[in-house]
K.L.:
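Below: one structure in structure tokens.
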Amino acid sequence: MSSRAFFLYTSSNDIAASRRFYNDLVGLDQIWDEVGDIAYLIEDAVQLSIGHDPDAAVHTEWSFQPGWVFGLGLEPAPRLTVASWSIPLSPGSFSSAVGRLQKAGIAALRPEPFWVGYWSYVVKGPMGQTVELSDPVSAGP
């Protein structure tokens with residue numbers, strides 16, 4: 001029996017861009033790669049599956065994520081309707097991913113990781129979803 005406890009399904013109008021983002025920039029372990037369908041395993045517990053949909057719309061706003069959005073100066077406050085997710089990474093993987101994302105010029109909520117009880121770096125995924133990378137292990141400031 002698989003140890004995956006949660007499956008997250010989303011779509012992309014550009015699978016190549018999604019593959020580049022999650023493989024090359026975030027550094028996730030890809031477990032599935034078929035025509036029009038890719039998937040990643042996150043901490044042996046979550047499977048993120050991305051299916052091709054040529055009509056999938058790109059989100060343009062930051063999404064609401066409980067716990068960090070208020071007090072960060074986002075005006076207007078993000079809506080609750082757009083899906084978003086947080087991906088925990090080891091300290092080394094977090095630091096490497098942040099560097100790759102910054103170098104690639106990926107849109108970020110803040111230019112550097114910030115402390116919200118853990119280290120957080122929030123970026124826009126290829127479909128405009130808000131994707132928070134987190135380092136829940138390293139000590140704060």
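Values below: all heavy atoms of this structure, side chains included; hydrogens, waters and symmetry mates excluded.
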K.L.:
Starting at CG of L101, measure out to NZ of K124 and round the result to the nearest 0.5 Å.
P.N.:
14.5 Å
K.L.:
If you take all heavy atoms of G128 and V58, which pair is closest and at what distance?
P.N.:
N-CG1, 4.1 Å
K.L.:
Side chains of E132 and S134: any donor to acceptor distance under 3.5 Å?
P.N.:
no
K.L.:
Roughly how far apart are I50 CD1 and S18 OG, rounded to 0.5 Å?
P.N.:
4.5 Å
K.L.:
Contact between N13 and P54 at the side-chain level, heavy atoms closer than 4.5 Å - yes or no?
P.N.:
no
K.L.:
One pair to check against salt bridge (charged side-chain N to carboxylate O under 4.0 Å, His left out): R19 and D33. What are the steps and the verdict?
P.N.:
CA-CA 9 Å; R19 185 182 296 109; D33 191 352; 2.9 Å; yes
K.L.:
Looking only at heavy atoms, what is the nearest atom pair of W119 and A139, with distance?
P.N.:
NE1-O, 2.9 Å
K.L.:
Would V98 and S95 count as a side chain to side chain contact (heavy atoms under 4.5 Å, CB included) here? Give the steps.
P.N.:
CA-CA 5 Å; V98 168; S95 178; 5.9 Å; no
K.L.:
Mind checking whether V137 and V116 sit in one hydrophobic cluster, side chains of I, L, V, M, F, W, Y counted as touching below 4.5 Å?
P.N.:
no
K.L.:
Is there a side-chain contact between H52 and D37 in this structure, where contact means two heavy atoms from C-beta onward sitting under 4.5 Å apart?
P.N.:
no
K.L.:
Would you indicate whether the side-chain heavy atoms of V123 and L109 approach each other to under 4.5 Å?
P.N.:
no
K.L.:
Evaluate the ring planes of Y9 and F7, with Trp represented by its six-membered ring, and classify them as parallel (under 30°), tilted (30 to 60°) or perpendicular (over 60°).
P.N.:
parallel
K.L.:
Side chains of F6 and I42, heavy atoms from C-beta outward: is any pair under 4.5 Å?
P.N.:
no
K.L.:
With rounding to the nearest 0.5 angstrom, report the CD1 to CZ distance, I106 to R100.
P.N.:
12.0 Å
K.L.:
Using a distance-only test with no angle check, is there a side-chain donor-acceptor pair under 3.5 angstrom linking S84 and S63?
P.N.:
no
K.L.:
At what distance, to the nearest 0.5 angstrom, does CG of L89 lie from OG of S96?
P.N.:
9.5 Å
K.L.:
So, for A17 and P126, which heavy atoms are closest and what is the spacing to 0.1 Å?
P.N.:
O-CG, 3.8 Å
K.L.:
Looking just at side-chain N and O atoms, do D135 and Y121 make a donor-acceptor pair shorter than 3.5 Å?
P.N.:
no
K.L.:
Looking at side-chain heavy atoms only, is the closest gap between Y22 and L48 below 4.5 Å?
P.N.:
yes
K.L.:
Is any side-chain heavy atom of V122 closer than 4.5 Å to one of F114?
P.N.:
yes
K.L.:
Within the supplied structure, the quantity of interest is the number of heavy atoms (other residues, nucleotides, ligands) at a distance under 6.0 Å from R20 CZ; does it exceed 12?
P.N.:
no
K.L.:
Side chains of L28 and L41, heavy atoms from C-beta outward: is any pair under 4.5 Å?
P.N.:
no
K.L.:
Are a donor atom and an acceptor atom from the side chains of S93 and S90 found within less than 3.5 Å of each other?
P.N.:
yes
K.L.:
Return the CZ to OG distance between F94 and S120, rounded to the nearest 0.5 Å.
P.N.:
6.5 Å
K.L.:
Please walk me through it: do T10 and M127 pass side chain to side chain contact (heavy atoms under 4.5 Å, CB included)?
P.N.:
CA-CA 10 Å; T10 190; M127 291 301 297; over 6 Å; no
K.L.:
Is there a side-chain contact between F21 and V26, using heavy atoms and a 4.5 Å cut-off?
P.N.:
yes
K.L.:
Is the number of heavy atoms from other residues, nucleotides or ligands within 6.0 Å of CH2 (W32) greater than 12?
P.N.:
no
K.L.:
Determine, step by step, whether N23 and Y40 satisfy the side chain to side chain contact (heavy atoms under 4.5 Å, CB included) criterion, reporting the C-alpha distance in whole Å, the side-chain angles of both residues, the deciding distance to 0.1 Å, and the verdict.
P.N.:
CA-CA 9 Å; N23 283 20; Y40 300 89; 2.6 Å; yes
